[in-house]
Amino acid sequence: MKIKVCGLRDKSNIKELMALPLDYVGFIFYSKSARYVGDDFDAEITKMIPLHIRKVGVFVNEAAEKILTLAKKYQLDVIQLHGDESPEDCQQIKDSGIEVFKAFQLNEDFQFERLEAYHKACDYFLFDTKSDSYGGSGEKFNWEILKKYKGETPFFLSGGIGIDDVEAVKAFQHSKLFGLDVNSGFERSPAVKNVVLVEEFLKSVRKKKMSNNKYAVNERGYYGQFGGAYIPELLRANVDELRENYLKIINSEKFQKDYKRLLDTYVGRPTPLTKVANLSKRFGTNIYLKREDLTHTGAHKINNTVGQILIAKYMGKTRIIAETGAGQHGVATATVCALFGLECIVYMGALDIERQAPNVARMKMLGAKVVPAISGNQTLKDATNEAIRDWIANPHSFYLIGSVVGPHPYPDMVTRLQSIISKEIREQLTKETGNPNPNYVIACVGGGSNAAGAFYHYLDEEDVKLVAVEASGLGVNSGETAATITIGDIGFIHGSKTMLMHDEDGQITEPYSISAGLDYPGVGPLHAHLAETGRAQFLSVTDQEALDAAMVLAQSEGIIPALESAHALAALEQMTFRKDDVVVVNLSGRGDKDMETYMKEINNL
Ligand SMILES: O=C(O)c1ccccc1NCC(=O)[C@H](O)[C@H](O)COP(=O)(O)O
């Protein structure tokens, strides 16, 4: 929720307010207002305002020429029009490249049809109370009226909002509510705000709503209708042992201390949140990359293997088994087994062993035994079957799964271990913009572990749009695809009920994507639930679109992404953003491992 404090003038008061996480500050350029900045308002005052706080000039029936002159002088980012300005007046300001807020004074008789002519010409509306003055009346209006507002332009709620309105504001819901505009409710005297009260208001309004756990796993291991533990009887004891222990261990102080130490000193966390200027310019918004590519081993996978190896140790396990497709999870598992001196057996399809020679060599160098799966298509699905067989035969082993898939508790356990990603994003954005919540979080989805981690702390923050990007390979209808949510159905795979791709006989189909990490015929049950409830939007990206996006990032920002992450980047091309949106793309891995593919697929490399 964006917060705008309007009606400022006093330099020392403004300086104090600048320390608060505000989004907008407003200056009244209407001479009849008690908060009028005055004819000799010092332009140095607006210059000292940090760039992330946007400066709004408030005008009433003023000539466009004068507005634009003052906008230049005071470096205003936004013009807020409070008089009888027409859509054409708004458009004239907008055409000069400045954002426009149009204020409307509402009462029960307000005709919302009036707004239709303004949508194109305004970036935001501001709904204030009908009064004899043009604004700053300190009076509230009946917010229920806004149920009638069905327009597309987001709005600020305004009019007499004060510290006593925190609960009402939090309870008020409207899909187009963008922010709150406050003014006289926080004044000591005209144009001088009570900084302590403003700070208290910001904290209370933004305090995380008590999680309603709508998207969390329930005690039976389900996300809505998805999840569960559909496993052979012979595996039951192994899975139950893990289910009974994982939360106790993860929540223990000792685990938290050991896990944090490893994340900080071995994995290299926190990973940076990089604002990418050239990409931001290209998409006309503010794009940040969460740099999982900078972790040890070069991808987010290590967050999970470091956590699971600790859980295995605490459970007294000495033998680790894992399955791997392209070898990334195998390498991350072999890495932590080497670190802890544990035996490591990695099952890998015989065909994948042939295709992924460097990763096979890495695993061997790290001391792991790589066992070929020679059944079926000799790929990931078959490797998983072999790993499960091994686990049944060797119950003292720990099966270390690499994504938010498999029987409960794996999806929840892996999600929690990857949630460090969104925990850090929140902390980093708070420092950077004053608000922990971005407008969008975008991540690629194969099984879905990097997306689960990037989404986790935002699941109940409905103002944050979650975008999951699947690999559509050669196209969603080509038969050569891995876009499970887009074309799949409900079914059972690797011990859980979820969405998967299958043929007419119900057989799971072989997925295809240029990106090995997205080449999975199912998806984690959390993601199936996010898709079903509409909490996350699912987009799909072809091989070619991902390759193009990788080139754009490499050549505009000097970062070569993993092919998986390139899918998340390519989704930007399918979306439209506002100038002041904050968009976080989870850059799940670095591109070194994909150089052979890039060299083969991109001309002149
Ligand atoms: O604040 C003023 O004096 C004013 C005068 C003329 C036009 C607009 C004005 N204020 C604009 C605002 O953005 C106010 O914050 C908004 O009207 C709500 O004010 P309040 O009821 O005091 O919270």
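Both counts, for ligands and for their atoms, begin at 1 and track the order of listing. Quantities reported herein were computed from a predicted structural model and do not represent experimental measurements.
Considering backbone and side-chain N/O of Y134, none are found under 3.5 Å from N/O of ligand 1. The shortest N or O to N or O distance between I28 and ligand 1 is not below 3.5 Å. For ligand 1, the polar-atom distance check finds no N/O of V60 at less than 3.5 Å from any of the ligand's N/O atoms. Ligand 1 has a nitrogen or oxygen under 3.5 angstrom from a nitrogen or oxygen of R35. Residue-to-ligand polar distances keep C6 apart from ligand 1: every N/O pair is separated by 3.5 Å or more.
Shown here is K11, whose NZ atom has no more than 12 heavy atoms of other residues, nucleotides or ligands within 6.0 Å. Counting non-hydrogen atoms of neighbouring residues, nucleotides and ligands closer than 6.0 angstrom, the NZ atom of K66 reaches no more than 12 such neighbours. Within a 6.0 Å sphere centred on CG of L177, heavy atoms belonging to other residues, nucleotides or ligands number more than 12.
Side-chain contact between F155 and D181 is absent, with no heavy atoms from C-beta onward closer than 4.5 Å.
Of the charged side-chain nitrogens involved, none lies within less than 4.0 Å of a carboxylate oxygen, so that R578 and D580 do not count as a salt-bridged pair. With salt bridges taken as basic N to acidic carboxylate O contacts below 4.0 Å, none links K130 and E108.
Within ligand 1, counting atoms from 1 as listed, the ones closer than 4.0 Å to a heavy atom of V58 are 8 (C). Each of the atoms 6 (C) of ligand 1 lies under 4.0 Å from some heavy atom of Y30. Of all the atoms in ligand 1, the ones that sit under 4.0 Å from a non-hydrogen atom of S33 are 2 (C), 3 (O), 5 (C).
Using a 4.0 Å heavy-atom cutoff, S133 is absent from the residues neighbouring ligand 1. Contact between G26 and ligand 1 is absent, with no heavy atom of the residue lying under 4.0 Å from the ligand. Heavy atoms of G7 come nearer than 4.0 angstrom to ligand 1 in no pair at all. Residue S158 places a heavy atom less than 4.0 Å from ligand 1. Within the structure, ligand 1 has K4 among the residues with a heavy atom less than 4.0 angstrom away.
Using cut-offs of 30° and 60° on the angle between ring planes, the pair F127 and F125 is tilted.
For atom 23 (O) of ligand 1, the closest non-hydrogen atom of the protein is G160 N, 3.1 Å. The protein heavy atom nearest to atom 22 (O) of ligand 1 is S184 OG, 2.4 Å. The nearest heavy-atom contact from the protein to atom 19 (O) of ligand 1 is G136 CA, 3.3 Å. Among protein heavy atoms, atom 15 (O) of ligand 1 sits closest to D181 OD2, 2.9 Å. D128 OD2, 2.4 Å is the protein heavy atom nearest to atom 17 (O) of ligand 1.
In this structure, K579 fails the cation-pi test against F577, since its NZ or CZ atom is not both closer than 6.0 Å to the six-membered ring centre and inside 45 degrees of the ring normal. Note that R535 lies outside the cation-pi zone of Y458, set by a 6.0 Å cut-off to the ring centre and a 45° limit from the axis.
If you run side-chain contact (heavy atoms from CB on, under 4.5 Å) between V469 and each of L569, V585, V541, N586, only V541 comes through.
Counting heavy atoms closer than 4.0 Å to ligand 1, residue N183 contributes atoms from both its backbone and its side chain. For Q80, every heavy-atom contact with ligand 1 shorter than 4.0 Å involves the side chain, none the backbone.
Residues T274 and R291 have side chains that bring a donor and an acceptor to within less than 3.5 angstrom of each other.
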- prompt: Does the pair Q428 and K290 meet the rule for a side-chain hydrogen bond (donor to acceptor under 3.5 Å, both in side chains), with working shown?
  reply: CA-CA 10 Å; Q428 290 164 325; K290 181 59 177 159; 3.0 Å; yes
